[in-house]
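Proteins get letters first, then strands, A, B, ... in listed order; numbering begins at 1 in each.
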There are 2 protein chains.
Amino acid sequence: MPGILEDADRHCAKTGVRLTPLRRRVLELVAQAGAPVKAYDLLSQIDQTATSAKPPTVYRALDFLMEAGLVHRVEALNAFVACPQAGHGHAAVLYVCESCANVTEVQGSRPGQENKPAGFTVKRSVIEHYGLCADCPHP
Amino acid sequence: MPGILEDADRHCAKTGVRLTPLRRRVLELVAQAGAPVKAYDLLSQIDQTATSAKPPTVYRALDFLMEAGLVHRVEALNAFVACPQAGHGHAAVLYVCESCANVTEVQGSRPGQENKPAGFTVKRSVIEHYGLCADCPHP
DNA sequence: GAGCGGATGTAATAACGTAACGCTTTGACG
DNA sequence: CGTCAAAGCGTTACGTTATTACATCCGCTC
Ligand SMILES: [Zn+2]
Ligand SMILES: [Zn+2]
Ligand SMILES: [Zn+2]
Ligand SMILES: [Zn+2]
């Protein structure tokens, strides 16, 4: 979590996209959480400061942040996590602890493509592992 | 595609779970589709025969079928596909064509766990690759 | 037939996400 | 500087996905 916002600033400056105050605020909330966050939770947090937040507000910001490679969507949870490495080019592999909700992200060039069908061209991968992290008691 | 229902009958007999007519009907619809199907689409198809289908009806059937290893949920699509190999023990890897919606399932013992964090115990994996299959025109 | 557990029916609502429209801000350009 | 187009954002309304809670039914056992 240290420096995620600063990294985002640098990354956006380099790639020429606009990290507006609203988008930066949403990224800040996602990064602060340190765990998967729901869109409507972000919504209610934004609402505390400005009464004007509606669903499109937060979804647009999240779309931007995902496009910019600053946030990943956790598909099986309908939630979002901040990426610890702004704008990395490869697919993210997420290890999600079902006990403490901690998420560890690792990256690889072609993760999970062990037996790819001949001729298939992968454009996007969703790789999420659910279980128990090292810090949580194993049954 | 051929024999999915018969395989399901055998598998449920062997594991001692009840593949009721309703559950079998839902599995039949998912298998017939040959592509990811949405829960509410199943719902409307069931409705054609019995006016009594409501959301819990189909979600309960799908929960059972997933638990039994007869159906997989495609997380990034909020949809469901029939498993070609009833009750296989390993994680499924899905290759989903974004052009023709065809899904190819392959299986492996620990797919996508290239750099698993030390001490993490994986209970469930979601591995979905999106792109273009061999039969669809590549740009 | 009383009791029990699993399966299903039913109503209501929660949770998640998007379309469409208009106003405002930004930044490029003459 | 004034103009203009594109991007960003507010707002309303709606569509889609999923669950909770409670009632009922059915097959089984005692
Ligand atoms: Zn990442
Ligand atoms: Zn944990
Ligand atoms: Zn399978
Ligand atoms: Zn295809």
Starting from the 5' end of DNA chain C, give me the residue, B/Lys54 or B/Arg23, whose nearest nucleotide shows up first. B/Arg23

Using a 4.0 Å cut-off on protein heavy atoms (strictly under), produce a 5'-to-3' string for nucleotides 16-27 of chain D with B for base contact, S for backbone-only sugar-phosphate contact, and - for none. -BBBB-------

Could you tell me whether the phosphate oxygens of D/dT11, OP1 or OP2, come under 4.0 Å of any side-chain nitrogen or oxygen in A/Thr57? no

Do the side chains of B/Asp63 and B/Arg60 get close enough for a salt bridge, i.e. N-O under 4.0 angstrom? no

Are any of the side-chain nitrogens in B/Arg124 or B/Glu75 under 4.0 Å away from the carboxylate oxygens of its partner? yes

Spacing between [X] atom [atom1] and [N] atom [atom2], to the nearest angstrom:
X       : N      : atom1 : atom2 : result
B/Phe64 : C/dA7  : CZ    : P     : 7 Å
A/Leu22 : C/dT26 : CG    : P     : 13 Å
A/Leu62 : D/dC9  : CG    : P     : 12 Å

Donor-acceptor side-chain pairing of B/His129 and A/Ser125 below 3.5 angstrom: yes

Below 4.5 Å, heavy atoms only, C-beta onward: do [X] and [Y] meet side chain to side chain?
X       : Y        : value
A/Tyr95 : B/Gln113 : yes
A/Leu70 : A/Cys12  : yes
B/Leu27 : B/Leu5   : yes

Sorted by first residue and then second, give each ring-ring contact (aromatic ring centres under 6.0 Å, His included) pair with at least one member in residues 55-77 of chain A; sequence neighbours left out. A/His72-A/His88

Which angle, rounded to 10°, do you find between the first-five-pair axis and the last-five-pair axis of the helix from C/dG1-D/dC30 to C/dG30-D/dC1? 20°

Locate the shortest heavy-atom distance separating A/Ile4 from A/Ala31; write the atom from each residue and the value. CG2-CB, 4.0 Å

